[in-house]
Amino acid sequence: DRGDAPDFTAKEIDEQPAAARRLLDGLLGRLADGRLLTDLGLARPDRVRLVACGTSRHAAEVVARVLAVEGGVPSRVVTASEADLAVPEPGTLTMALSQSGETADVLAALDRWDDPVLALTNAPRSSLARRADAVLGLGCGPEIGVAATKTFTAQVIAGVAVALAIASASGRLAPARLAALEQVLDGLPARLAASAALAAAPAAALADELADRPGAVFVSRGAGVPYAQEGALKLEELAYRWVEALPAGELKHGPIALLGPGTPVVVVGAEPRERLAVGIAEVTARGARTVLVGSGEDADLPVCLPAEEPPWGPLEAAVALQLFAREVTVRLGHEVDRPRNLAKSVTVE
Ligand code: F6R
């Protein structure tokens with residue numbers, strides 16, 4: 001039942017703060033000394049392999065960064081359909097991220113290794129959940145819209161919790177730092193809600209302006225890059241637009257040739273803004289339409305970010321980009337919940 005919402009995607013975008021709250025209530029307080037790992041029956045790994053596809057792979061990129069930055073824990077993100085390149089390494093924990101738990105590429109990839117598998121999934125009775133040694137359920141409730149929304153934010157939160165637990169267990173993450181990060185996580189549901197409220201009208205206005213542009217470029221730096229990629233994927237799959245997503249520093253190495261007067265360039269988060277200043281200047285000089293997504297006064301798509309960027313980056317921006325993609329899709333008259341050529345569970349390799 002979608003209640004008053006115009007479509008399930010809108011409803012599920014809206015449900016993110018509540019889903020995040022439920023998940024965090026079950027996770028916060030269990031990260032110190034890796035208790036979450038013990039509760040899941042897992043030993044502290046020396047390294048982590050993250051296996052996923054599509055949106056879930058973007059969540060995996062965020063988790064890899066947190067493992068590196070907070071714990072010095074080596075990790076590798078493996079695109080499930082390219083798993084033949086990932087060699088076995090002792091002491092590895094495989095984290096499989098899949099909202100449906102039925103993605104054939106993910107299940108096939110797991111056959112390649114015999115390390116313990118931790119599944120992050122919204123489907124605790126799925127094939128993946130049965131195959132895994134441990135399961136961390138996302139508890140989002142059903143996601144009917146084909147485009148992943150609330151399961152993305154939930155995967156980031158659950159994955160970040162696991163990463164912090166591993167970092168803490170490895171002795172590299174000081175208790176005071178962990179406590180500070182837990183506090184920032186605790187404030188996330190409120191910031192997600194504030195971001196949805198702040199971004200709603202600007203997302204609609206931007207969609208009015210930009211819906212007919214044939215393509216767009218999404219850029220960010222550092223921890224923001226997976227969110228730029230995720231915002232781009234939402235626009236591609238829902239609005240059927242060609243979108244290029246890349247680290248801002250890569251623009252000058254080729255893709256800048258795509259930019260002309262009016263090309264939308266969506267610049268995602270990444271504080272401090274100076275880190276993006278050069279990229280923005282290059283874009284503006286070519287007459288492109290820069291769309292800043294962030295918490296600064298000058299943001300075109302304003303969101304509520306914490307004062308200091310956490311290691312998991314501007315997760316709040318994901319909500320604004322979901323809203324934007326949905327608004328563009330509505331303007332183009334496409335079916336929001338059931339984009340063409342796509343299925344909720346991709347059960348073929
Ligand atoms: C995008 C989307 C897909 C899935 C991908 C993996 O909105 O939904 O890119 O993320 O097919 O699906 P799961 O997470 O079920 O393994």
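In each ligand, atom 1 is the first atom listed, and ligand 1 is the first ligand listed. Worth saying up front: this structure is predicted, and the values here are computed from it rather than measured. Reckoned from all heavy atoms, side chains included, excluding hydrogens, waters and symmetry mates.
- For ligand 1, the atoms sitting less than 4.0 Å from at least one non-hydrogen atom of S98 are 13 (P), 14 (O), 15 (O), 16 (O), numbered in the order shown with element in parentheses.
- Residue, atom and distance of the protein heavy atom nearest to atom 12 (O) of ligand 1 are T103 OG1, 3.5 Å.
- Residue-ligand proximity: R57 is placed with every non-hydrogen atom at 4.0 Å or more from ligand 1.
- With a 4.0 Å cut-off on non-hydrogen atoms, E102 does not touch ligand 1 at all.
- No donor-acceptor contact under 3.5 angstrom links the side chains of E230 and Q322, judged on distance only.
- In terms of protein heavy-atom proximity, atom 11 (O) of ligand 1 is closest to V346 CG2, 3.9 Å.
- Checked for salt-bridge contact, E236 and R241 miss the test: no charged N lies under 4.0 Å from a carboxylate O.
- Listed by number with element, the atoms of ligand 1 under 4.0 angstrom from any heavy atom of K234 are 1 (C), 7 (O).
- Annotation: cation-pi geometry satisfied between R49 and W113 (NZ/CZ under 6.0 angstrom from ring centroid, within 45° of ring axis).
- The six-membered or imidazole ring of F152 lies away from that of H58, with a centre-to-centre distance of 6.0 Å or more.
- Close N/O approach between Q99 and ligand 1 is found [any backbone or side-chain N/O within under 3.5 Å].
- At a 4.0 Å heavy-atom cut-off, ligand 1 touches T55 through backbone and side chain alike.
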Report task. May I have the step-by-step check of side-chain hydrogen bond (donor to acceptor under 3.5 Å, both in side chains) for T55 and K234, ending in yes or no? Result -> CA-CA 9 Å; T55 287; K234 291 292 93 110; 3.1 Å; yes
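- Ion pair R57/D105 not flagged as a salt bridge, since none of the NZ, NE, NH1 or NH2 atoms sits closer than 4.0 Å to an Asp/Glu carboxylate oxygen.
- Under a 4.0 Å criterion applied to the non-hydrogen atoms of S56, ligand 1 contributes the atoms 10 (O), 13 (P), 14 (O).
- Heavy-atom proximity to A148, at under 4.0 Å, picks out these atoms of ligand 1: 7 (O), 8 (O).
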**Report entry** Worked check of salt bridge (Lys or Arg N to Asp or Glu O under 4.0 Å) between R331 and D208
**Finding:** CA-CA 7 Å; R331 272 155 193 72; D208 283 336; 2.5 Å; yes
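- Residue E237 has at least one heavy-atom neighbour below 4.0 Å for each of these atoms of ligand 1: 1 (C), 7 (O).
- Close approach to V146 involves these atoms of ligand 1, each under 4.0 Å from a residue heavy atom: 8 (O).
- Interface of S100 with ligand 1, defined as ligand atoms under 4.0 Å from a residue heavy atom, comprises 13 (P), 15 (O).
- The contact set between ligand 1 and C53, taken as ligand atoms under 4.0 Å from a residue heavy atom, comprises 5 (C), 6 (C), 10 (O).
- Under the side chain to side chain contact (heavy atoms under 4.5 Å, CB included) test applied with L164, the options V162, I166, V160 reduce to a single match, V160.
- Taking 4.5 Å as the limit, some side-chain heavy atom of Y227 sits within range of a side-chain heavy atom of V62.
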